[in-house]
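First up is the structure itself, then whatever we jot down about it.
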There are 2 protein chains.
Amino acid sequence: MEKKIPRPVIKRLGLYYRCLNRLYDEGIEYVASKDIAERLGIKSSQVRKDLSYFGEFGKRGVGYNTYELMERLEDIIGVNKYWNVIVIGAGNIGSAIANYEGLRKEKFNVIGIFDADRSKVGRKIGRLTVKHFSEIDDFFKKNIVEIAVLAVPENAAQMVVDKLEELGIKGIVNFAPVKLRTNIPVEDVDITLSFKSLSFKIERNIE
Amino acid sequence: MEKKIPRPVIKRLGLYYRCLNRLYDEGIEYVASKDIAERLGIKSSQVRKDLSYFGEFGKRGVGYNTYELMERLEDIIGVNKYWNVIVIGAGNIGSAIANYEGLRKEKFNVIGIFDADRSKVGRKIGRLTVKHFSEIDDFFKKNIVEIAVLAVPENAAQMVVDKLEELGIKGIVNFAPVKLRTNIPVEDVDITLSFKSLSFKIERNIE
DNA sequence: TAGATTGTTAATCGATTAACAATC
DNA sequence: TAGATTGTTAATCGATTAACAATC
């Protein structure tokens, strides 16, 4: 195993990738760490340090070849492949995610959406039809599913995770406000927490 | 100005608050930092340290009074008040946020939703009707608006922010994948970034 | 070559954790 | 009192940044 990548670096890789995409679209052939940093509001030495965890991609005196670095980042992050995603929970958040073009653009394909509420089953969400959660075993037999989005009520979350783990899911994006007990990678997204952080900042006059 | 509160502490305050709510619902009168920490998957000394930035809320040998600490956290975070929120952008994400009960429960009231696309104007989103963005000046005259949710396309984001700042907004929750140039507090939420972090973890077998 | 920018080291800064005296 | 748990200090750990030799 190579040396450990710090968490914040992982978070920034996606930012770099997006930035490189932009630069490429703008027709910029070579870019310096200073320019990337400026666009992202960070330090150039941080950009260079972060990239150095994965190799030497730049030319001294010149900078980074936009296209090349973009491709390297694709390999590193794993966005050079398509990911099959299912959404569990066809409420507000689940539906929005299933419909979200931004995800598709980044090669995360939502191929199924499930709910435990029979009254939601059969409903159309974009090109998808809501299936009952009990159909999930069957779905896994017929499809390759790598990532699951958890958009179910808090009290159902752990049970769903146990099931997904058993079915061999590779990772979970969790919108339920609970700490999940599982061994597979989880990314927690908590929207109300963002609002609370914001209200805290407003009250304290931060930034 | 009192001593600076580290960012990670701010993030955790919301977690503590939610945890205290649960404990209170469960009828637990006193709770030790150890118990809170366990539920959140962190260290008890971190809980105590974090709280110590704001005062001394516990009794040695006993722990924290659940209800009392909950109330203190309410004051600190600022969730003891109601916040008026508007949503800019009535696409997938904007609509989901406007409809989201989780926010209302936490006293963030969405009181308006706007879009620049005339074909969306008039559409019903929950109890709200989509207004055209040009009506926003008028809206600010008639309502107290504290927080704006930015759910517009990337290229429109900065222009909207400039307008909101001019109108005196106090904070922004930003779903657009851009670094906003502004002096008011911003919380960035980037859903595709969470997916990218996850795919990175999956590829690298992390966690 | 002269100028620019990398990759990396070392210094700094900041956050977490262990440990423990204070005290309920 | 004996046991438990706080609040806080000091040690550790980890991340950011400045600085600079290497080199395009």
* In terms of the angle between their ring planes, are B/Phe108 and B/Trp83 parallel, tilted or perpendicular, with boundaries placed at 30° and 60°? -> parallel
Nearest-angstrom distance from the residue atom [atom1] of [X] to [atom2] of [N]:
X	N	atom1	atom2	answer
B/Asn65	D/dT6	CG	C1'	15 Å
A/Leu69	C/dT5	CG	P	16 Å
A/Gln46	C/dG14	CD	P	14 Å
B/Asp50	C/dG14	CG	P	17 Å
A/Lys49	D/dG14	NZ	P	13 Å
A/Tyr53	C/dT8	OH	P	12 Å
B/Phe57	D/dT5	CZ	C1'	17 Å
B/Lys11	C/dA15	NZ	C1'	16 Å

* Within residues 17-34 of chain B, residues whose heavy atoms come under 4.0 Å of DNA chain D -> B/Ala32, B/Ser33
* Asked: Is A/Asp190 salt-bridged to B/Arg18, cutoff N-O under 4.0 Å?
  -> yes
What's the shortest heavy-atom distance between [X] and [Y], and which atoms?
X	Y	result
A/Pro6	A/Tyr53	CG-OH, 3.4 Å
B/Val161	B/Leu150	CG2-CD2, 3.6 Å
A/Ile76	B/Phe200	O-CD1, 3.4 Å

* Per B/Lys43 side chain, nearest of listed nucleotides C/dT17, D/dT8, D/dA15 -> C/dT17
* To do: Quick one, give me the B/S/- string for nucleotides 19-24 of chain C, reading 5' to 3', where B means a protein heavy atom under 4.0 Å from the base and S means that only happens at the primed atoms, P, OP1 or OP2.
  => B-BBBB
* **Result of checking B/Ile88, B/Ile86, B/Asn99, B/Ile125 against B/Ile113 for side-chain contact (heavy atoms from CB on, under 4.5 Å)** => B/Ile125
Residues [X] and [Y]: side-chain donor-acceptor under 3.5 angstrom:
X	Y	result
A/Gln46	A/Asp50	no
A/Ser44	A/Arg48	yes
B/Thr182	B/Glu165	yes
B/Asn80	B/Asp75	yes

* So does A/Glu154 have more than 12 non-hydrogen atoms from other groups sitting under 6.0 Å from CD? -> yes
* Structure fact -> To the nearest 10 degrees, the angle between the two end axes of the helix from C/dG3-D/dC24 to C/dC24-D/dG3 (five pairs per end) comes to 10°
